[in-house]
Amino acid sequence: MGPFDVVVIGAGPAGYAAAIRCAQLGLSTACIDSALDDEGNPTLGGTCLNWGCIPSKALLDASHHFAQARDGFSQMGIEVGSPTIDVAQMMRRKEEVVDKLTGGVAALFKGNGVTSLAGFGKLLSGGRVEFTDHAGETTLIEAANVVLAPGSVPIEIPPAPTDGESIVDSTGALAFDSVPQRLGVIGAGVIGLELGSVWSRLGSEVVVLEALDTFLPMADRRIARDAERAFRSQGLDIRLGTRVVSAAVEDGVVRVGYQEGEEDKSLEVDRLIVAVGRRPYTEGLLAEDSGVNLDERGFLYVNDLCATDVPHVYAVGDVVRGPMLAHKGTEEGVMVAERIADQKSLVNYECVPSVIYTHPEVAWVGKTEEELKADGDEYTVGTFSFAANGRALAANDTVGLVKVIADAETDRIRGVHIVGPSASELIAQAVVAMEFGACAEDIGLTMFAHPTLSEAMHEAALGVNGHAIHMINRKRK
Ligand code: FAD
Ligand code: NAD
């Protein structure tokens, strides 16, 4: 088959973006993906669209509405009685959203002229790709360039092997057929908090077992502290510094053994989610003589431009170093496509936003205060609480704050950290500002519509230089 200018292996957000951009740039492009949906039909969009970002957000939004109807409406004078949840309907709607978006990728492939191949891709030497379709038939494809985007899979831990029923990974936790009365979660990371929140809002008693002593260590300390307080007050029983040693299923009950300090403890739950991270997925991807190397943690080794050690072979997305985030992979896919077309594109790894879609949401970009301190960099901080923001009060959604950190000398923004309503949307303003090298003063000089949550960002930026209007500014030296 072929020859093609570019063959992409993997049609997740990294691979499909690479394929579409290559085709837009006039390169003949094929994209191979092996994923099948629950009915056994090929599906595009990878983890993100099928088992990740999108289905989890569909359940997060549905469960948030449910919790609002149960706990929030009456404060606004809306009486709806005691709402009930139809889990099957919630799941059907989630599937509809997924189908719309995966079908959208197929339409984009068609519209842009990407040849979509359903099956497994393997990189051979000399830039050739072996394609095996779902019937087991193998074809050799000649490619001038290859982009590897096979993504990642959940990490399994020996004390708690998943059985797809009582002990599940994130994919299983997105498809429960009922609300478990008692739910255990191993890992207080992004998935543990998001999926723990979904089922907690729907009525599960949720216990989260986290190995580390620190909650959300990658986040700014102040933001992590406020987020932890908010999640605990919602009923998430987060147990830090705990080490799971066993998990056994008996009569549909999961007995989890764990250690807290020196003490042996146990927990009984109806279902257990294992959410301890993901690992790069490279099984069967590389022929022995492909020439592509892995790093010591099993990621495909690439340079800053996502080039592997083999000329004309690139790798993007979760399978390479850096945060495992859909948007990071998409930007890498686009960069590689443009580089193949001789353009000078780059990814700015300093400006990758992180979001946790709990309620309140948590979002940040750039450096935390602790990182700057460790680097010995001088900085100034401005914060503004949503409790003093008119729109947040009007919406009865006042937990959290915006924190802007700027260089003490140049005023250039080094990081923005938010816990609060719509943090996922608000953080985009900070990303744009940082991409353009903005100072805190630049945001301060910008006019923001009133009343909006965005005004909290405005005030926090003004606060950096002691100019906030709607709070008392800290005295400066
Ligand atoms: P993937 O999306 O994993 O796609 C890789 C594709 O390649 C898959 O379809 C796979 O079947 C296919 N493949 C693998 N090997 C081969 C082969 N040899 N031949 C053919 N096909 C192959 N990220 C965010 O940014 N925001 C979120 O809100 C978010 N939520 C998430 C929620 C959950 C529950 C999970 C699990 C993840 C979430 N993520 C989120 C992470 C996000 O899904 C990943 O970062 C993203 O999907 C990675 O994209 P990718 O293209 O590198 O790989
Ligand atoms: P994670 O790395 O975010 O969190 C895993 C947590 O499990 C960590 O806190 C870790 O200390 C803990 N842990 C590890 N081993 C443990 C053990 N044996 N016992 C108890 N705790 C243990 O990983 P995740 O939540 O599984 O998510 C995987 C990836 O998917 C992440 O890299 C994330 O970027 C991505 N993701 C992103 C989003 C988002 O952007 N909103 C949502 C979901 C997933």
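Ligands are counted one by one from 1 in listed order, and the atoms in each one are counted from 1 as well.
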Which ligand 1 atoms are under 4.0 Å away from a heavy-atom of G119? 20 (C)

So does E228 pair up with R232, basic N to acidic O under 4.0 Å? yes

As an exercise, identify every atom of ligand 1 less than 4.0 angstrom from a heavy atom of L285. 18 (N)

Numbering the atoms of ligand 1 from 1, which are under 4.0 Å from a heavy atom of G46? 2 (O), 4 (O), 8 (C), 9 (O)

Ligand 1 atoms in contact with C48 (distance to a heavy atom under 4.0 Å): 2 (O), 43 (O), 47 (O)

Atom CZ of R221 and atom OG1 of T214: how far apart are they, to the nearest 0.5 Å? 6.0 Å

Taking only non-hydrogen atoms of Y357 and a 4.0 Å limit, the atoms of ligand 1 in range are 28 (O)

Between L195 and ligand 1, is there a nitrogen or oxygen pair with a distance under 3.5 Å? no

So does R222 get a backbone contact from the side chain of K403, meaning a donor-acceptor N/O pair under 3.5 Å? no

Below 4.0 Å, non-hydrogen atoms only: which portion of N50 touches ligand 1? Side chain, backbone, both or neither. neither

Is V168 close to R271 at the side-chain level, that is, under 4.5 Å between some pair of heavy atoms? no

Answer yes when K328 and E332 have at least one side-chain N-carboxylate O distance shorter than 4.0 Å, and no when they do not. yes

How long is the gap from CZ on F109 to OG1 on T115, to the nearest 0.5 Å? 10.0 Å

Just jot down the side-chain hydrogen bond (donor to acceptor under 3.5 Å, both in side chains) partners of D309, sequence neighbours excluded, or say none. N293

Counting only heavy atoms from other residues, nucleotides and ligands, does the tally under 6.0 Å from CD of E425 exceed 12? no

Any non-hydrogen atom of P55 lying under 4.0 Å from ligand 1? no

Specify the protein heavy atom at minimum distance from atom 8 (C) of ligand 1: its residue, its atom name, and the distance to 0.1 Å. D33 OD2, 3.6 Å

Test item: D270 side-chain N/O and R182 main-chain N/O as donor-acceptor pair under 3.5 Å: yes

Among protein heavy atoms, which lies nearest atom 25 (O) of ligand 1, and at what distance? A326 N, 2.9 Å

Could you find the nearest protein heavy atom to atom 51 (O) of ligand 1 and give me its residue, atom name and distance? A14 N, 3.0 Å

Is it true that a side-chain atom of S204 and a backbone atom of P180 form a donor plus acceptor pair closer than 3.5 Å? yes

Would T162 and E156 count as having a side-chain donor-acceptor pair, cut-off 3.5 Å? yes

Identity and separation of the nearest protein heavy atom to atom 53 (O) of ligand 1: G151 CA, 3.1 Å

Looking only at protein heavy atoms, which one is nearest to atom 18 (N) of ligand 1, and what is the separation? G121 O, 2.9 Å

Could you state the interatomic distance from CG (L236) to CZ (R201), rounded to the nearest 0.5 Å? 9.0 Å

Can you tell me if R278 uses its side chain to pair, donor with acceptor, with the backbone of S152 under 3.5 Å? yes

Does a side-chain heavy-atom distance below 4.5 Å link F176 with V87? no

For G317, the ligand 1 atoms whose distance to one of its heavy atoms is below 4.0 Å: 52 (O)

Atom 2 (O) of ligand 1: closest protein heavy atom, distance to 0.1 Å, is T47 N, 2.9 Å

Could you list which atoms of ligand 1 come closer than 4.0 Å to a heavy atom of M324? 41 (C), 45 (O)

Candidates Y281, Y16, W51; heavy atom nearest atom 34 (C) of ligand 1 found on W51

Counting heavy atoms under 4.0 Å, the part of R278 that contacts ligand 1 is side chain

Could you pull out every N or O of ligand 2 that sits under 3.5 Å from a protein N or O, with the distance for each pair?
| from | atom 1 | to | atom 2 | distance (Å) |
| --- | --- | --- | --- | --- |
| ligand 2 | 3 (O) | V190 | N | 3.2 |
| ligand 2 | 9 (O) | E210 | OE1 | 2.6 |
| ligand 2 | 9 (O) | E210 | OE2 | 3.3 |
| ligand 2 | 11 (O) | E210 | OE2 | 2.6 |
| ligand 2 | 21 (N) | A211 | N | 3.2 |
| ligand 2 | 23 (O) | G277 | N | 3.4 |
| ligand 2 | 25 (O) | V190 | N | 3.2 |
| ligand 2 | 25 (O) | I191 | N | 2.8 |
| ligand 2 | 26 (O) | G277 | N | 2.8 |
| ligand 2 | 34 (O) | M324 | O | 3.1 |
| ligand 2 | 40 (O) | V355 | O | 3.4 |
| ligand 2 | 41 (N) | E194 | OE2 | 2.9 |
| ligand 2 | 41 (N) | V355 | O | 2.7 |

For atom 39 (N) of ligand 1, the option (of C53, A149, S56) bearing the nearest heavy atom: C53

Closest candidate by heavy atom, reference atom 5 (C) of ligand 1, pool S34, P150, G10: P150

Check each of V129, T132, V8 against I32 using the side chain to side chain contact (heavy atoms under 4.5 Å, CB included) test, and report the only one that passes. V129

Of all the atoms in ligand 1, which lie at a distance below 4.0 Å from a heavy atom belonging to I9? 17 (C), 18 (N), 19 (N), 20 (C)

Residue and atom name of the nearest protein heavy atom (relative to atom 33 (C) of ligand 1), distance in Å to one decimal: G52 CA, 3.3 Å

Can you confirm, on distance only, whether ligand 1 has an N/O atom lying under 3.5 Å from any N/O atom belonging to I191? no

For residues P280 and R297, determine if any side-chain heavy atom of one lies less than 4.5 Å from a side-chain heavy atom of the other. no

Ignoring hydrogens, just give me the one of K57, H327, K122 whose non-hydrogen atom is nearest atom 30 (N) of ligand 1. K57

Say whether, by atom type as modelled, one donor and one acceptor occur between the side chain of N112 and the main chain of L108 under 3.5 angstrom. yes

Contact between L453 and F386 at the side-chain level, heavy atoms closer than 4.5 Å - yes or no? yes

Look at atom 52 (O) of ligand 1 and say which protein heavy atom is nearest, naming residue and atom and giving the distance to 0.1 Å. D318 N, 2.9 Å

